[in-house]
Amino acid sequence: MTKNKNLHSFQLSRRAALVAVSAAALFAFAAPAPSFAEDKSIKVGIMAGEEEDIWRVVASEAAKKGVKIETITFNDYTQPNEALERGELDANAFQHQPYLDNQIKQHGYHIIRVGYTGVWPIGLYTKKYKSVAEIPEGAVIGVPNDPSNEGRALRVLQNEGLIKLKDDTGILATVVDVTDNPKKIEIKELDAGIVGRSIDDLDAGIVNTDWALKSGLSPAERIAQEPIADNPYRNFIAVKDENKDADWVKTLVSSYQNETVKAEFDKVYKGTGLSAY
């Protein structure tokens, strides 16, 4: 009898253990596995101003996917790539490919484009004249002095017949590449953020659209702009080469490239900037 009782107790214990193991296995199977991005926090460098409004929406979209975005704002173009290279940022979003190419050439950065954001056609602005034809001989025209945007500005002047550049000049043209200047225009090289703010002291100025908005310039004061088709100056999100295939990078890009962010982009830039993806 004792033997049978012990056997019965063993069988009950064994059944209880199996039930417990099965329940644990079922719970483990049913519990959702944490996503790759759980608690992932990334720092993204952007330019201060309108982009802060855009990136608040991007951050909201990313949060739905488990990624927390902290934006770090800058006031000039020279800092975000250096901060990214040093590891102070995980990504930045402020530049176009010609600018990055020049930065890599100068500093040896290990940075790569991962997703386009928008394009802001650079334009010729003036408060004194209604058309390019009215610009007089000897006029002073301001242009951005950073390599990629100066070349971009000079091409606008060439497209409008105000100057001519060497035939083999690339996108990084400078004033030394001007071969013909029939109106003897004085081309004044200024910081990109200063050109628009100096427009009252100039006859005209080539101003990046984001800086035009910051300077209070309106589309009505733009008398010429670069072509939009096949524009090489689309801005993008950039990361270190080593992170280009990371899952969080894909999430970051998709958090920008969607209709919710596009609606905010259109609201903020009022048609002066265009989504470029």
Visitor: Just how far is it from atom CG of D191 to atom OG1 of T78, taken to the nearest 0.5 Å?
Guide: 9.0 Å

Visitor: Give a yes-or-no answer on whether the side chains of N231 and E226 include a donor-acceptor pair shorter than 3.5 Å.
Guide: yes

Visitor: Going through the checks in order, is the side chain to side chain contact (heavy atoms under 4.5 Å, CB included) test met by T260 and V57?
Guide: CA-CA 8 Å; T260 302; V57 179; 3.8 Å; yes

Visitor: Examine Y233 and L157 and state if one hydrophobic cluster contains both, with Ile, Leu, Val, Met, Phe, Trp and Tyr joined whenever side-chain heavy atoms are less than 4.5 Å apart.
Guide: no

Visitor: If hydrophobic clusters are built by linking Ile, Leu, Val, Met, Phe, Trp and Tyr wherever their side-chain heavy atoms come under 4.5 Å apart, do V175 and I206 end up in the same one?
Guide: yes

Visitor: In terms of hydrophobic clusters joined by side-chain contacts under 4.5 Å, are V239 and I42 together?
Guide: yes

Visitor: Please report the closest heavy-atom contact between L89 and V44, naming both atoms and the distance.
Guide: CD2-C, 4.3 Å

Visitor: Are there more than 12 heavy atoms of other residues, nucleotides or ligands under 6.0 Å from atom NZ of K128?
Guide: yes

Visitor: Do Q97 and L100 come within less than 4.5 Å of each other through their side chains, counting heavy atoms only?
Guide: yes

Visitor: Quick check on side-chain contact (heavy atoms from CB on, under 4.5 Å): which of D245, N243, V249 does V114 satisfy it with?
Guide: V249

Visitor: Taking side chain as C-beta onward, heavy atoms only, is V156 less than 4.5 Å from I122?
Guide: yes

Visitor: Are the side chain of E85 and the backbone N or O of H110 linked by a donor-acceptor pair below 3.5 Å?
Guide: yes

Visitor: Is E50 salt-bridged to K214, cutoff N-O under 4.0 Å?
Guide: yes

Visitor: Examine distances only and state if a side-chain atom of E51 and a backbone atom of A48 form a donor-acceptor pair shorter than 3.5 Å.
Guide: no

Visitor: Quick check: do V178 and Q158 have side-chain heavy atoms less than 4.5 Å from each other?
Guide: no

Visitor: Under 4.5 Å between any side-chain heavy atoms of Q79 and E82, yes or no?
Guide: no

Visitor: Run D146 and Y99 through side chain to side chain donor-acceptor pair (under 3.5 Å) and show every step you take.
Guide: CA-CA 9 Å; D146 59 281; Y99 182 82; over 6 Å; no

Visitor: What residue among N102, N235, N81 forms side-chain hydrogen bond (donor to acceptor under 3.5 Å, both in side chains) with Q95?
Guide: N81

Visitor: Does the side chain of I54 come within less than 4.5 Å of V268's, by heavy atoms?
Guide: yes

Visitor: Kindly determine whether T169 and T179 satisfy side chain to side chain contact (heavy atoms under 4.5 Å, CB included), including the steps that lead there.
Guide: CA-CA 11 Å; T169 301; T179 59; over 6 Å; no

Visitor: K166 side chain to A173 main-chain N or O, any donor-acceptor pair under 3.5 Å?
Guide: no

Visitor: Verify whether the ring centers belonging to W120 and F265 lie closer than 6.0 Å.
Guide: yes

Visitor: Fit a plane to each ring of W55 and Y256, take the angle between them on a 0 to 90° scale, and name the class: parallel (under 30°), tilted (30 to 60°) or perpendicular (over 60°).
Guide: tilted

Visitor: Roughly how far apart are D241 CG and I104 CD1, rounded to 0.5 Å?
Guide: 7.5 Å

Visitor: Of all the heavy-atom pairs spanning A224 and V132, show the shortest one and how long it is.
Guide: CB-CG2, 4.1 Å

Visitor: Applying the 4.5 Å side-chain criterion to the ILVMFWY set and letting contacts propagate, would Y129 and V195 be lumped into a single cluster?
Guide: no

Visitor: Parallel, tilted or perpendicular: which fits the ring planes of F236 and Y116, with parallel below 30° and perpendicular above 60°?
Guide: perpendicular

Visitor: Could R56 and D53 be called an ion pair, given the rule that one side-chain N must be under 4.0 Å from one carboxylate O?
Guide: yes

Visitor: As an exercise, state the distance from CD1 of I223 to CD of E160, rounded to the nearest 0.5 Å.
Guide: 7.5 Å

Visitor: Please report the shortest heavy-atom distance between Y269 and G273, naming the atom on each side.
Guide: CB-N, 3.8 Å

Visitor: Are Y125 and Q225 linked by a side-chain donor-acceptor pair shorter than 3.5 Å?
Guide: no

Visitor: Give me the atom names and distance for the closest heavy-atom approach of A204 to L124.
Guide: CB-CD1, 3.7 Å

Visitor: What is the distance from atom CD of E137 to atom CG of N181, rounded to the nearest 0.5 Å?
Guide: 9.5 Å

Visitor: Main chain of I135, side chain of K183: is a donor-acceptor contact present, judged purely on distance under 3.5 Å?
Guide: yes

Visitor: Quick one: are F94 and I46 in side-chain contact, heavy atoms under 4.5 Å?
Guide: no

Visitor: Does any N or O in the side chain of D90 come within less than 3.5 Å of the main-chain N or O of K43, such that one atom is a donor and the other an acceptor?
Guide: yes

Visitor: Kindly compute the distance separating CG (N92) from CE (M47), expressed to the nearest 0.5 Å.
Guide: 10.5 Å

Visitor: Which residues satisfy the side-chain hydrogen bond (donor to acceptor under 3.5 Å, both in side chains) test with E88, sequence neighbours excluded?
Guide: R86

Visitor: Check the surroundings of atom CD in E242: do more than 12 heavy atoms from other residues, nucleotides or ligands lie under 6.0 Å from it?
Guide: yes

Visitor: May I ask you to decide whether K262 forms a salt bridge with D266, counting only side-chain N to carboxylate O separations under 4.0 Å?
Guide: yes

Visitor: Using a 4.5 Å cut-off on heavy atoms from C-beta on, say whether the side chain of T126 contacts that of D203.
Guide: no

Visitor: So do the side chains of K164 and D167 get within less than 4.5 Å of each other, counting heavy atoms only?
Guide: yes

Visitor: Work out which heavy atom in Y77 is nearest to a heavy atom in A192; give both atom names and the distance.
Guide: CE1-CB, 4.0 Å

Visitor: Establish, from distance only, whether the side-chain atoms of K65 and S254 form a donor-acceptor pair under 3.5 Å.
Guide: yes

Visitor: Taking S255 for its side chain and V58 for its backbone only, find out whether a donor-acceptor pair lies under 3.5 Å.
Guide: no

Visitor: Looking at S218, is its backbone amide N or carbonyl O close enough to the side chain of E221 to form a donor-acceptor pair, meaning the two atoms are under 3.5 Å apart?
Guide: yes

Visitor: Between V140 and I187, is there shared hydrophobic-cluster membership here, with clusters defined by ILVMFWY side-chain heavy atoms closer than 4.5 Å?
Guide: no

Visitor: Between R222 and L217, is the side chain to side chain contact (heavy atoms under 4.5 Å, CB included) condition met? List the steps.
Guide: CA-CA 8 Å; R222 185 176 60 213; L217 295 171; over 6 Å; no

Visitor: To the nearest 0.5 angstrom, please state how far the CD1 atom of I141 sits from the CG atom of L154.
Guide: 10.0 Å

Visitor: Could you walk me through whether H96 and N149 pass side chain to side chain contact (heavy atoms under 4.5 Å, CB included), step by step?
Guide: CA-CA 10 Å; H96 48 63; N149 280 313; 3.5 Å; yes

Visitor: Of N208, V143, I171, L172, which meets side-chain contact (heavy atoms from CB on, under 4.5 Å) against R152?
Guide: N208

Visitor: Looking at every heavy atom in both A91 and I237, which two are closest together, and how far apart are they?
Guide: CB-CG2, 4.3 Å

